Amino acid sequence: MGRTLDDDALEELREIFEHFDKDHNGVIDRQEFAELLAALSAGMSKAEADVGFREVDTNKNGVIEFREFVRWWRDH
Ligand SMILES: [Ca+2]
Ligand SMILES: [Ca+2]
């Protein structure tokens, strides 16, 4: 099935998402995203992280919703 996520994978992603959603408001903000990248050892500079954030935040509302996170995860 290639990059299609099954329910188990989605559940795992949900756990990751909630782990990094430190203030538990249901979205990942810039600060939380920076910590996520650091934890993944993505080795991104701050400028690259900013670009990455804008890439993930496809509806440009300044925060990352779970569905945006899932799409990003699937595509990378
Ligand atoms: Ca949050
Ligand atoms: Ca968004």
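For ligands, and for the atoms within them, numbers begin at 1 and follow the listed sequence. From a predicted model like this one, the values you see are computed outputs, not experimental measurements. Excluded from the calculations below are hydrogen atoms, water molecules and symmetry mates; all remaining heavy atoms, backbone and side chain alike, are included.
In this structure, F20 has no ring pair (Phe, Tyr, Trp, His ring centres under 6.0 Å) partners at least two apart in sequence or on a different chain.
Between E68 atom OE2 and V63 atom O, the angle centred on the Ca ion (ligand 2) amounts to 140° (nearest 10°). An angle of 80° is found at the Ca ion (ligand 1) between V27 atom O and N25 atom OD1, rounded to 10°. Here the Ca ion (ligand 1) is the vertex; the OD1 atom in D23 and the OE2 atom in E32 give an angle of 70° (to 10°).
Note on V63: it does not cluster hydrophobically with V70, by side-chain heavy-atom contacts below 4.5 Å among ILVMFWY residues.
Atom OE1 is the N, O or S atom of E65 at the shortest distance from the Ca ion (ligand 2). Take the N/O/S atoms of D57: the one nearest the Ca ion (ligand 2) is OD1. When distances from the Ca ion (ligand 1) to the N, O or S atoms of D21 are compared, OD1 comes out shortest.
In this structure, the side chain of E32 engages the main chain of D29 through a donor-acceptor pair within 3.5 Å. Remark: side-chain polar atoms of D8 are not paired, donor with acceptor, to backbone N or O of E12 under 3.5 angstrom.
Among the backbone and side-chain atoms of N59, an N, O or S atom lies under 3.0 Å from the Ca ion (ligand 2). Coordination check, G26 versus the Ca ion (ligand 1): failed, since every N/O/S atom of the residue sits at 3.0 Å or beyond.
At least one side-chain heavy atom of F69 sits under 4.5 Å from a side-chain heavy atom of L36.
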Walk me through it: do D50 and R54 pass the test salt bridge (Lys or Arg N to Asp or Glu O under 4.0 Å)?
CA-CA 6 Å; D50 282 349; R54 282 197 293 271; 5.5 Å; no
